[in-house]
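These numbers come from the heavy atoms of this one structure, side chains and all, not from hydrogens, waters or symmetry mates. Position 1 is the first residue of the sequence; numbering continues from there. What you see is a predicted model, and the numbers here were worked out from it, not measured in a lab.
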Amino acid sequence: MADSPREGKVARPPDFTQLIDLASEFVGGKILFATDDFFAPAENLLKRDNPRFKEHEYTEFGKWMDGWQTRRKRIPGHDGCVVQLGIQGAIRGFDVDTSYFTGDHAPRVSIQAANFEEDKQPEIPQREVRTGTAATPEEFEAISELKSDDWSCLVPMTEIKPGNSASSHNYFPVNSQQRWSHIRLNIFPDGGIAPLRVYSTGQKDWTAGDPKEPLDLVTIAYGGACVGFSSAHFGHPNNITGVSTAKSMEDGWETARRLDRPLILENDENGILLVAGCEWAVFRLAHPGVITQIEIDTKYFKGNSPESCKVDGCILTMQEEENMVRQKWDLLGHKWKPLLPVTNRLKGFPSSICLLRPREKPMMRFSVKAGFRANL
């Protein structure tokens, strides 16, 4: 049964919602097929932003909704759509959001999944968004090549709650270690869904490829993940380990301005600001490796980039990491080893820094002073 709170009480989201959304358009997720897009297209399921409601806005087909909404079904069957995940990974949970669908939400859903290697995926014609229409016979024939009726079931048919403020999030934990590349969302029989979130960490086959080939060990595509941070007021630190080039400030991590900062700022003898404390984020690397280069990108933050930063590394067991998460990363100083000393070479553009002494580490701590935003 979906984990939905009682009316009037907003439950704390499950821990898996701190992971990345593999279906998001931000990481390359896309809709391959939908049975119907009459009121609102299935592409809205993959938006990274929270849904909005425009009380007086209508289209030629009906009420404008920031989600996927099918027509009232008058033929046999049920509606559904197929999503190609932007990143392959082991799914930890789903959030089927019904925000603002209070009288026309889909009453029940189920979710199936499959994994296709890139070179073995059937060719599916590129979909065009066509609000007010249903899938054509040609589209049904093309999607049948994926044989989605036979995919593994991760969420059985389950009743979900309507989109009231206290019950719009329908959470489904998933216990599966398998890597998935596609999901099929079934709604019974029809109705509306706002964003669909597919929470996971990416996975890479480390036995394939040249072990000497330079790789980005912190990227979410391979399994890197933020496991702790001091502040995420304007954006989650996971944003800085994304798979695409940043397009704006929205694609980065920015903290709130510290209330304990000095009223009058001063520098030390090395030109580094004298401020109390710093903002930080801890990342579990996708795989232990020899770190030879670090790129820090503050391109879109011209008036609020960090004054300086440093990078440390450490090696922890999974049990030690779990303990540190509970202790909010109050890790003894001797565990951290410097990878990059304090530097103020951050002037609003990408900075690629080669390390003189490569280090092998599976964990990394990124610390900055005077507020922060960057792509790492």
Side-chain angles (χ1 to χ4, degrees), residues 12-22 24 26-27 48 50 92-93 95 197 199-202 216-243 246 248-261 275-286 291 294-298 300-301 304-316 318 320-333 335-340 342-343 346 361-376:
R12 178 181 178 274
D15 290 342
F16 64 70
T17 60
Q18 294 299 309
L19 302 175
I20 62 169
D21 177 9
L22 299 187
S24 170
F26 178 60
V27 298
R48 65 181 297 187
N50 291 327
R92 300 295 179 230
D95 177 11
R197 311 295 189 196
Y199 292 106
S200 177
T201 55
D216 184 359
L217 294 179
V218 77
T219 177
I220 57 179
Y222 295 160
C226 177
V227 292
F229 54 87
S230 59
S231 172
H233 191 82
F234 295 110
H236 197 283
N238 270 333
N239 289 348
I240 68 176
T241 61
V243 296
S248 69
M249 292 169 57
E250 183 183 20
D251 298 334
W253 169 39
E254 183 183 359
T255 67
R257 302 192 186 204
R258 293 178 65 100
L259 298 180
D260 60 353
R261 63 192 186 280
V275 294
C278 66
E279 305 292 1
W280 54 267
V282 178
F283 298 89
R284 183 198 312 116
L285 302 184
I291 300 173
I294 297 173
E295 181 176 303
I296 301 168
D297 179 357
T298 59
Y300 292 104
F301 278 67
N304 51 355
S305 63
E307 185 272 340
S308 60
C309 76
K310 67 174 182 176
V311 181
D312 302 314
C314 71
I315 296 176
L316 297 178
M318 290 302 295
E320 287 176 320
E321 178 187 318
E322 291 176 7
N323 293 340
M324 288 303 100
V325 169
R326 286 194 291 268
Q327 298 174 32
K328 299 187 182 300
W329 288 97
D330 185 17
L331 184 61
L332 295 176
K335 281 280 190 179
W336 293 111
K337 304 299 179 184
L339 296 174
L340 175 69
V342 176
T343 177
L346 302 171
K361 302 291 176 185
M363 303 289 294
M364 186 168 66
R365 178 176 64 180
F366 192 20
S367 306
V368 296
K369 286 197 173 185
F372 180 63
R373 181 281 178 195
N375 292 306
L376 185 60

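Ring geometry, Phe229 versus His236: the interplanar angle exceeds 60°, so the pair is classed perpendicular (tilted spans 30 to 60°).
In this structure, CH2 on Trp336 lies 11.5 Å from CD1 on Ile315, to the nearest 0.5 angstrom. Rounding to the nearest 0.5 angstrom, the gap separating the CD1 atom in Ile294 from the CG atom in Leu339 is 5.5 Å. Within the model, atoms CG of Asn238 and CZ of Phe283 stand 7.0 Å from one another, a figure rounded to the nearest 0.5 Å. If you take CD1 on Ile20 and OH on Tyr199, they are separated by 11.0 Å, rounding to the nearest 0.5 Å. With rounding to the nearest 0.5 angstrom, the CG atom of Leu285 is 9.0 Å from the CG atom of Asp216. Note that the CZ atom of Phe234 and the CZ atom of Arg257 stand 8.0 Å from one another [nearest 0.5 Å].
Counting heavy atoms from C-beta outward, Met324 and Val282 have side chains that stay 4.5 Å or more apart. No side-chain heavy atom of Val311 sits less than 4.5 Å from a side-chain heavy atom of Ile291. Between Lys310 and Val342, the closest side-chain pair of non-hydrogen atoms falls below 4.5 Å. Side-chain contact between Asp251 and Arg48 is present, with at least one heavy-atom pair separated by less than 4.5 Å. For the pair Thr241/Cys226, no side-chain contact is recorded, criterion being any heavy-atom separation below 4.5 Å from C-beta on.
Annotation: cation-pi geometry not satisfied between Arg92 and Phe16 (NZ/CZ under 6.0 angstrom from ring centroid, within 45° of ring axis).
Scanning both residues, Ala225 and Thr201, for their nearest heavy atoms gives CB-CG2, 4.2 Å. Considering every non-hydrogen atom in both Gly252 and Asn239, the closest pair reads O-ND2, 3.1 Å. Of all heavy-atom pairs spanning Thr298 and Ser305, the tightest one is CB-CB, 4.0 Å. Across all non-hydrogen atoms, the minimal contact from Leu19 to Ser200 is CB-O, 3.4 Å. Counting all heavy atoms, side chain and backbone alike, Pro237 lies closest to Ala281 at CB-CB, 4.0 Å. Of all non-hydrogen atoms in Val227 and Trp329, the two that sit nearest each other are O-NE1, 2.9 Å.
Residue Asn323 places its CG atom among more than 12 non-hydrogen atoms of other residues, nucleotides or ligands, all under 6.0 Å distant.
Among residues at least two apart or in separate chains, side chain to side chain donor-acceptor pair (under 3.5 Å) pairs with a member in residues 222-232 are Ser230-Glu279.
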